[in-house]
Amino acid sequence: MENMFRLMGSDDFSDRRRCIWVNGPVIIGAGPSGLATAACLREEGVPFVVLERAECIASLWQKRTYDRLKLHLPKKVCQLPKMPFPEDYPEYPTKRQFIDYLESYANRFEISPQFNECVQSARYDETSGLWRLKTTPSNSSAVVGSEMEYICRWLVVATGENAERVVPDIDGLTTEFDGEVIHSCEYKSGEKYRGKSVLVVGCGNSGMEVSLDLANHNANPSMVVRSSVHVLPREILGKSSFEISMMLMKWLPLWLVDKILLILAWLILGNLTKYGLKRPKMGPMELKVVTGKTPVLDIGAMEKIKSGEVEIVPGIKRFSRSHVELIDGQRLNLDAVVLATGYRSNVPSWLQENDLFSKNGFPKSPFPNAWKGKSGLYAAGFTRKGLAGASADAVNIAQDIGNVWREETKRQKMRTRVGHRRCISVA
């Protein structure tokens with residue numbers, strides 16, 4: 001503790017930024033992973049602070065998703081710890097319903113994030129045995145010089161797998177093409193593209209659903225498919241494909257589960273190769289386990305592809321003023337481009353640590369051992385297993401910190417307190 005007080009009183013803290021001692025962990029990110037961790041800590045009786053760079057919880061869902069979005073998996077595997085979805089919610093809740101659920105969740109567990117706090121750096125101070133986080137205001141209206149420094153013993157990274165958009169460098173896209181170019185996080189509805197030719201770059205779940213939405217609004221979408229992709233029906237005989245695969249994996253080897261899923265997919269969707277969709281050599285569940293790549297769950301896009309309302313095209317060679325040239329020599333007239341090219345973790349840009357996280361912003365250890373690092377560092381929501389994985393991380397993290405917290409609280413009650421902390425303390 002003596003080292004901590006010396007750290008707090010140093011000139012580095014007194015001149016330029018306000019110092020805050022957090023009596024408990026700091027959670028970075030107020031998305032589902034951060035909220036789940038906070039709720040579990042609340043149940044463990046551990047105080048915490050949540051830092052969020054946006055002005056709301058679940059900013060990815062509130063600010064960067066299209067209007068028609070629904071959960072792709074059944075609600076019972078997407079609910080966060082300690083609180084199920086309302087019974088009257090459908091099997092696949094809408095975007096608005098999920099946001100309402102998260103807001104109710106935050107209210108129930110009294111989670112009040114510090115909004116507009118953008119973490120610039122976080123590093124472990126070996127001398128004091130504490131984490132030091134430097135933050136700046138995210139909003140442009142903030143007072144100049146209002147930087148903050150948070151000091152804590154435990155740090156929970158919950159910024160997620162989708163913190164930053166991925167924008168590919170395609171020849172001519174930004175320098176020559178005159179049409180509109182947006183990332184799928186900016187796409188809301190196909191209404192504004194009615195009657196227009198739109199190229200969707202990417203064939204994952206977002207690319208498929210954006211293409212479907214464009215077709216439903218009478219646009220003329222083409223979807224770029226450069227590599228192989230697994231497409232599965234969302235439901236098989238009224239049962240979620242995800243639930244079927246999880247059930248089978250309890251009793252059968254992975255390769256056999258994949259065989260069964262692919263046979264069922266062929267019976268329901270047919271042979272997709274003739275439409276330009278080639279399957280990977282590795283099965284859908286094995287691919288998910290090995291690479292984290294999720295199979296596409298079809299919710300109607302395949303029908304549009306088969307009818308020709310969505311055209312499948314190969315890779316892009318370059319863009320010109322109003323055209324795109326494809327690698328097979330085709331030239332398409334275009335009005336707009338939607339980049340459904342995914343997201344990435346931003347952890348390496350601010351976390352000064354190389355033990356738990358790798359250079360790609362994901363934990364080095366695979367699930368289920370990716371949630372805990374050294375020196376009080378934790379990761380929530382980086383399992384590539386969706387909301388269920390994030391919930392599992394949250395429970396593990398809260399129990400781990402809670403065990404230490406209760407033991408030290410007992411010891412503290414047995415000895416007389418000496419002195420007072422010299423900095424602001426928040427719970």
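Starting from 1, each residue takes its place in the sequence as its number.
At most 12 heavy atoms of other shown residues, nucleotides or ligands fall within 6.0 angstrom of atom CZ in Arg226. Heavy-atom contacts from other residues, nucleotides or ligands closer than 6.0 Å to CG of Asn333 number more than 12. Around atom CG of Asp88, more than 12 heavy atoms belonging to other residues, nucleotides or ligands sit under 6.0 Å away. Sparse packing is recorded around NZ of Lys259, with 12 or fewer heavy atoms of other residues, nucleotides or ligands lying under 6.0 Å away. Heavy-atom neighbours of Leu237 CG from other residues, nucleotides or ligands within 6.0 Å: at or below the threshold of 12. More than 12 heavy-atom neighbours from other residues, nucleotides or ligands sit within 6.0 angstrom of NZ on Lys95. Counting heavy atoms of neighbouring residues, nucleotides and ligands inside a 6.0 Å radius, atom NZ of Lys76 does not exceed 12 of them. Atom NZ of Lys278 has 12 or fewer heavy atoms from other residues, nucleotides or ligands within 6.0 Å.
Between the side chain of Glu303 and the backbone N or O of Gly300, no donor-acceptor pair lies under 3.5 Å. For the pair Asn205 (side chain) and Leu297 (backbone), a donor-acceptor distance under 3.5 Å is present. In this structure, Glu309 contributes its side chain and Ala215 its backbone to no donor-acceptor pair below 3.5 Å. In terms of modelled atom types and a separation under 3.5 Å, the side chain of Tyr89 and the main chain of Gln97 share a donor-acceptor contact. Of the possible donor and acceptor atoms, none in the side chain of Asp213 sits under 3.5 Å from a partner among the backbone N and O of Asn216. Within the 3.5 Å criterion, the main-chain N or O of Ser138 finds no donor-acceptor partner in the side chain of Asn116. The backbone N or O of Val296 lies less than 3.5 Å from no partner atom in the side chain of His72, so there is not a single donor-acceptor pair. At least one donor-acceptor pair under 3.5 Å links the side chain of Tyr105 to the backbone N or O of Pro81. Judged purely by atom type and a 3.5 angstrom limit, Ser197 has no side-chain atom pairing as donor or acceptor with the backbone of Asn220. With hydrogens and angles disregarded, no donor-acceptor distance shorter than 3.5 Å links the side chain of Asn218 to the backbone of Arg194.
Contact check for Ile27 versus Leu41: side-chain heavy atoms found under the 4.5 Å cut-off. When side chains are defined from C-beta on, Met208 counts as touching Ile305, because their heavy atoms get closer than 4.5 Å. Using a 4.5 Å heavy-atom threshold, the side chains of Leu356 and Val157 count as separate. Taking the side chain as every heavy atom from C-beta outward, Cys40 and Phe109 never approach each other to under 4.5 Å. Counting only heavy atoms from C-beta outward, the side chains of Trp405 and Asn23 approach each other to under 4.5 Å. When side chains are defined from C-beta on, Leu212 does not count as touching Val310, because their heavy atoms never get closer than 4.5 Å. Side-chain contact between Tyr124 and Leu377 is absent, with no heavy atoms from C-beta onward closer than 4.5 Å.
Between Phe382 and Phe362, the two ring planes are perpendicular [angle over 60°; tilted spans 30° to 60°]. Between Tyr187 and Tyr193, the ring planes are parallel. Angles under 30° get that label, and only those over 60° would be called perpendicular.
Here the closest non-hydrogen pair linking Pro314 and Val224 is O-CG1, 3.5 Å. When all heavy atoms are compared, the tightest approach of Val46 to Gly402 is CG2-CA, 3.8 Å. What you find for Leu80 and Tyr101 is that their closest heavy atoms are N-OH, 2.9 Å. Nearest heavy atoms, Cys78 versus Phe85: C-CE1, 3.7 Å. In this structure, Gly283 and His230 approach most closely via the heavy-atom pair C-NE2, 3.5 Å. Considering all non-hydrogen atoms of both residues, Asp355 and Lys364 come closest at O-CD, 3.4 Å.
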- Message: If you apply the rule side chain to side chain contact (heavy atoms under 4.5 Å, CB included), what do you find for Phe115 with Ile57, and how did you get there?
- Response: CA-CA 8 Å; Phe115 292 119; Ile57 65 169; 3.9 Å; yes
- Checking side chain to side chain contact (heavy atoms under 4.5 Å, CB included) for the pair Ser33/Asp393: CA distance, chi angles, key distance, verdict? CA-CA 8 Å; Ser33 301; Asp393 287 342; over 6 Å; no
- Message: Run the salt bridge (charged side-chain N to carboxylate O under 4.0 Å, His left out) test on Arg68 and Glu209 for me, step by step, so that the C-alpha distance in whole Å, both residues' side-chain angles and the decisive distance to 0.1 Å come before the verdict.
- Response: CA-CA 9 Å; Arg68 64 163 286 123; Glu209 195 156 356; 3.1 Å; yes
- Applying salt bridge (charged side-chain N to carboxylate O under 4.0 Å, His left out), run through Glu149 and Arg123 and close with a yes or a no. CA-CA 11 Å; Glu149 184 115 16; Arg123 70 177 183 87; over 6 Å; no
- Task: Could you go through the side chain to side chain contact (heavy atoms under 4.5 Å, CB included) check for Glu186 and Arg165 one step at a time?
- Result: CA-CA 10 Å; Glu186 302 167 280; Arg165 71 187 76 178; 3.4 Å; yes
- Message: I'd like to know whether Glu408 forms a salt bridge (charged side-chain N to carboxylate O under 4.0 Å, His left out) with Arg153, so could you lay out the CA-CA distance, the side-chain angles of the two residues, the decisive distance to 0.1 Å, and finally the verdict.
- Response: CA-CA 13 Å; Glu408 294 191 350; Arg153 180 173 173 184; 2.5 Å; yes
- Item | Tyr378 and Lys372: CA distance, side-chain angles, deciding distance, side chain to side chain contact (heavy atoms under 4.5 Å, CB included) verdict | CA-CA 5 Å; Tyr378 298 89; Lys372 185 178 180 180; 3.8 Å; yes
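Once rounded to the nearest 0.5 Å, the distance linking CG of Leu339 with SG of Cys185 reads 9.5 Å. Here the CE-OG distance, from Met246 to Ser241, works out to 11.0 Å after rounding to the nearest 0.5 Å. With rounding to the nearest 0.5 angstrom, the CG atom of Leu51 is 10.0 Å from the SG atom of Cys118.
In summary, Lys374 and Glu126 do not engage in a salt bridge, as defined by a charged side-chain N under 4.0 Å from a carboxylate O. With salt bridges taken as basic N to acidic carboxylate O contacts below 4.0 Å, one links Glu180 and Lys192. Between Arg53 and Glu164 there is a salt bridge, with a side-chain nitrogen of the basic residue lying less than 4.0 Å from a carboxylate oxygen of the acidic one.
Residue Val324 forms a side chain to side chain contact (heavy atoms under 4.5 Å, CB included) with just one option from Leu332, Ile170, Leu173, and that option is Leu332.
Geometrically, Lys385 engages Phe367 in a cation-pi contact, judged by NZ or CZ lying under 6.0 Å from the ring centre and within 45° of the ring axis.
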